[in-house]
Amino acid sequence: IASCEYALSASTEDVLDFWKDLDFHECVEHLQFYIRPLDDEYSPSKATSLVIESLLEKFPPSIVCCLLWSCCTRALGDYDRGLISMLYARNKAISWIGYKAQELLAGERTYRPSRRESSLQQSIISVLFFKKVLKLVDDGFNTIPSLSYFDCLEDDSKSQLGHNDTAALD
């Protein structure tokens, strides 16, 4: 994205991969923020990363972040009430993520989309990518990356081009 030339020459698959990577890192950043009271230096394991990646194949980041928030706050609540140790609370939050992800993927549970955590700044790259490249503005957090989105984007730009050509003739 730093280079306009790259953005113009990138294949649709490359842009889709970048979008998925951006969503993944945003979800990880939210997870680290939610779990910070239990572990300042938490970094997700390969297993937790795979769970997040599989969720992002079917759900937008807003749903995934809601699941992450739910698991972490429940474990934090148990810790705050003195029911479990800090280490156990962290491990419980992480194991719940896997369990709740299975329920969500199986259709046994639903989550309402959440907003971006107000304490976490959206990255400049994310803002530029969603606003300028994908033209999603604020909806990137609520959209599942897919190739079909690019077909809609292409159709929309063709219709705008046609509209502008007609306006020029008037």
Side-chain angles (χ1 to χ4, degrees), residues 1-4 6-8 10-77 89-107 109-153 156:
I1 297 274
S3 163
C4 291
Y6 169 78
L8 294 173
S11 71
T12 303
E13 288 80 13
D14 289 340
V15 175
L16 181 64
D17 288 343
F18 181 79
W19 185 0
K20 289 178 179 182
D21 196 44
L22 197 60
D23 283 353
F24 171 77
H25 287 287
E26 190 156 15
C27 287
V28 167
E29 184 179 25
H30 276 75
L31 173 58
Q32 290 171 322
F33 177 79
Y34 298 142
I35 211 161
R36 190 170 295 136
L38 300 170
D39 185 349
D40 257 355
E41 298 176 21
Y42 174 75
S43 181
S45 67
K46 183 69 175 165
T48 302
S49 295
L50 288 173
V51 167
I52 293 172
E53 286 172 358
S54 69
L55 285 170
L56 287 170
E57 291 292 323
K58 304 233 185 251
F59 302 98
S62 59
I63 298 286
V64 176
C65 287
C66 184
L67 178 146
L68 299 174
W69 174 84
S70 173
C71 293
C72 292
T73 56
R74 186 169 175 198
L76 185 58
R90 189 208 59 174
N91 292 340
K92 190 174 188 178
I94 300 307
S95 64
W96 273 344
I97 291 168
Y99 175 72
K100 298 299 180 186
Q102 288 176 346
E103 287 183 341
L104 183 62
L105 289 167
R109 176 173 287 278
T110 59
Y111 289 93
R112 289 188 1 218
S114 64
R115 289 188 237 167
R116 276 189 178 87
E117 180 60 50
S118 60
S119 300
L120 297 175
Q121 290 280 331
Q122 185 179 4
S123 72
I124 300 287
I125 290 175
S126 177
V127 171
L128 288 173
F129 182 71
F130 289 122
K131 197 178 241 184
K132 299 295 183 185
V133 176
L134 296 182
K135 314 242 185 286
L136 282 170
V137 187
D138 294 329
D139 208 35
F141 197 61
N142 295 306
T143 305
I144 302 169
S146 71
L147 285 173
S148 62
Y149 175 77
F150 295 101
D151 294 337
C152 296
L153 190 62
D156 188 44

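This one's a predicted model, so the numbers in the text were calculated from it and none came from an experiment.
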Going by atom type alone, with no hydrogens or angles, which donor-acceptor pairs under 3.5 Å involve a side-chain atom of residues 62-75 and a protein atom two or more places apart or on another chain?
{"unit_1": "S62", "atom_1": "OG", "unit_2": "F141", "atom_2": "O", "d": "3.4"}
{"unit_1": "S62", "atom_1": "OG", "unit_2": "N142", "atom_2": "OD1", "d": "2.8"}
{"unit_1": "T73", "atom_1": "OG1", "unit_2": "W69", "atom_2": "O", "d": "2.8"}
{"unit_1": "T73", "atom_1": "OG1", "unit_2": "S70", "atom_2": "O", "d": "3.3"}

What closest approach, in Å, do P145 and D23 show between heavy atoms, and which atom pair accounts for it? CG-OD2, 3.2 Å
Can you give each donor-acceptor pair under 3.5 Å made by side-chain atoms of residues 53-60, sequence neighbours left out, with the distance rounded to 0.1 Å?
{"unit_1": "S54", "atom_1": "OG", "unit_2": "L50", "atom_2": "O", "d": "3.4"}
{"unit_1": "S54", "atom_1": "OG", "unit_2": "V51", "atom_2": "O", "d": "2.9"}

E26 versus R116, closest heavy-atom pair with distance: OE2-NE, 2.5 Å
Compare every heavy atom of E13 with every heavy atom of L147, then report the nearest pair and how far apart it is. CD2-OE2, 4.5 Å
Looking at NE2 of H30 and CD1 of I35, how far apart are the two atoms once the value is rounded to the nearest 0.5 Å? 14.5 Å
Check against side-chain contact (heavy atoms from CB on, under 4.5 Å), F130 and T143: CA-CA 10 Å; F130 289 122; T143 305; over 6 Å; no
Can you tell me how far apart CG (L105) and NZ (K100) are? Round to the nearest 0.5 Å. 13.5 Å
Can you confirm whether more than 12 heavy atoms, excluding those of R115, are under 6.0 Å from its CZ atom? no
Under the 3.5 angstrom rule, does the side chain of Q32 hit a backbone N or O of S43 as a donor-acceptor pair? no
Nearest 0.5 Å, what's the CD1-OG1 distance between I52 and T48? 6.5 Å
Rounded at 0.5 Å granularity, tell me how far CD in E29 sits from OG in S123. 8.0 Å
Could you tell me whether the side chain of L76 reaches within less than 4.5 Å of the side chain of Y34, counting heavy atoms only? no
So, taking the atom named CD in E103 and the one named OH in Y111, what distance separates them when rounded to the nearest 0.5 Å? 6.5 Å
